[in-house]
Amino acid sequence: MVSESMSIQLSAAESAAIAEVETTSHILQLMTRLTRLRFAAIAKVTDQRWVACAVDDEIHFGVGPGDELAVELTICNEVRQQHSAIVISSVSDDPRFKDHPLPKLYGFESYLSLPIVLCDGSVFGTLCGLDPLPAKLDDPDLIHTLEIFARLIGTTLDLHARVGAAA
């Protein structure tokens, strides 16, 4: 479930990149407007942890920056492993995810998650969103726009890491 303490530490460069980038909040706001999902987050996802880095939460989902979910239950973990997006307009109608424990546990019907890939090809985490209501998410132009957002976040993290390493 959600943990108050952050078991995984973001590096100083990661924290600075996410906190400094005013675009982070703008990206999350744009994402919620474009998708009509009322929860969006940037999460750091490793094989052991899922930690929220930045959040836009209109539904009071209860996950804020620094909160942690059990990674093995998350769909974001599948995105990390597969290096590809997962988009679900209606969990109830999706044969792959209708019995997944996470939508049942948290009561969401629509969901999307895109990998945030760094320049070395590793996955930092995900740009993800959800809503208790179904949403039309299967528009290729919408997904392409969100992929651009995820690349922008990854590029920003890379740039901050390089600047931090050079300092």
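Remember, predicted model here, so these are calculated numbers, not experimental data. Side chains are part of it too, since the values below use all heavy atoms of this structure and drop only hydrogens, waters and symmetry mates.
- For the pair Pro115 and Ala85, the tightest heavy-atom approach, listed with the atom from each and the gap, is CD-N, 3.8 Å.
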message = For a side-chain contact (heavy atoms from CB on, under 4.5 Å) check, start with the C-alpha distance between Met31 and Leu112, then their side-chain angles and the critical distance, and finish with the verdict.
response = CA-CA 11 Å; Met31 182 174 161; Leu112 66 79; 3.3 Å; yes
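- Contact detail for Thr46 and Asn77: the closest heavy-atom pair is O-OD1, 4.0 Å.
- With hydrophobic clusters built from ILVMFWY side chains whose heavy atoms lie under 4.5 angstrom apart, Ile27 does not share a cluster with Val117.
- One N or O on the side chain of Asp158 and one on the backbone of Cys119 form a donor-acceptor pair closer than 3.5 Å.
- A search for ring-ring contact (aromatic ring centres under 6.0 Å, His included) contacts involving Phe61 returns Phe39, Tyr106, not counting sequence neighbours.
- Judged by distance alone, the side chain of Glu109 and the main-chain N or O of Pro132 form no donor-acceptor pair under 3.5 Å.
- Considering all non-hydrogen atoms of both residues, Gly154 and Leu118 come closest at O-CD2, 3.8 Å.
- Both Leu130 and Ile86 are part of a single hydrophobic cluster, where members link through side-chain heavy atoms under 4.5 Å apart.
- Side chain of Thr35 to backbone of Leu37: a donor-acceptor contact under 3.5 angstrom is found.
- The main-chain N or O of Gly64 is found under 3.5 Å from a side-chain atom of Asp67 such that the two form a donor-acceptor pair.
- One N or O on the side chain of Ser89 and one on the backbone of Leu137 form a donor-acceptor pair closer than 3.5 Å.
- Clustering ILVMFWY residues whenever any of their side-chain heavy atoms sit less than 4.5 angstrom apart, transitively, puts Leu114 in the very cluster that holds Phe149.
- A single hydrophobic cluster is seen to contain both Leu105 and Val91, as judged by linkage of ILVMFWY side chains at heavy-atom distances under 4.5 Å, directly or through other members.
- Side chains of Phe124 and Cys53 form a contact here, defined as non-hydrogen atoms less than 4.5 Å apart.
- For the pair Ala150 and Ile116, the tightest heavy-atom approach, listed with the atom from each and the gap, is O-CG2, 3.8 Å.
- Under a 4.0 Å N-O distance rule, the pair Glu78/Arg96 qualifies as a salt bridge.
- Side-chain atoms of Glu68 and Arg49, non-hydrogen and from C-beta on, do get closer than 4.5 Å to each other.
- In this structure Asp131 satisfies the side chain to side chain donor-acceptor pair (under 3.5 Å) test together with Arg38, sequence neighbours excluded.
- Residues His100 and Ile75 form a side-chain contact, since some pair of their non-hydrogen atoms from C-beta on lies under 4.5 Å apart.
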inquiry  = Before you tell me yes or no, could you show the steps for Ser90 and Tyr111 under side-chain contact (heavy atoms from CB on, under 4.5 Å), namely the whole-Å CA-CA distance, both residues' side-chain angles and the distance that decides it to 0.1 Å?
reply    = CA-CA 8 Å; Ser90 174; Tyr111 173 89; over 6 Å; no
key: Check against side-chain contact (heavy atoms from CB on, under 4.5 Å), Val87 and Ile143   = CA-CA 9 Å; Val87 179; Ile143 301 307; 3.6 Å; yes
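- In this structure a side-chain-to-backbone donor-acceptor pair under 3.5 Å is present from Ser110 to Leu133.
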query = Between Thr32 and Arg36, does a side-chain contact (heavy atoms from CB on, under 4.5 Å) hold up when you go through it step by step?
reply = CA-CA 5 Å; Thr32 59; Arg36 301 197 191 279; over 6 Å; no
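- Taking Asp99 as the reference, nothing meets the side chain to side chain donor-acceptor pair (under 3.5 Å) condition, with sequence neighbours excluded.
- Hydrophobic clustering (ILVMFWY, side-chain heavy atoms < 4.5 Å, transitive): Leu69 and Ile59 are in one cluster.
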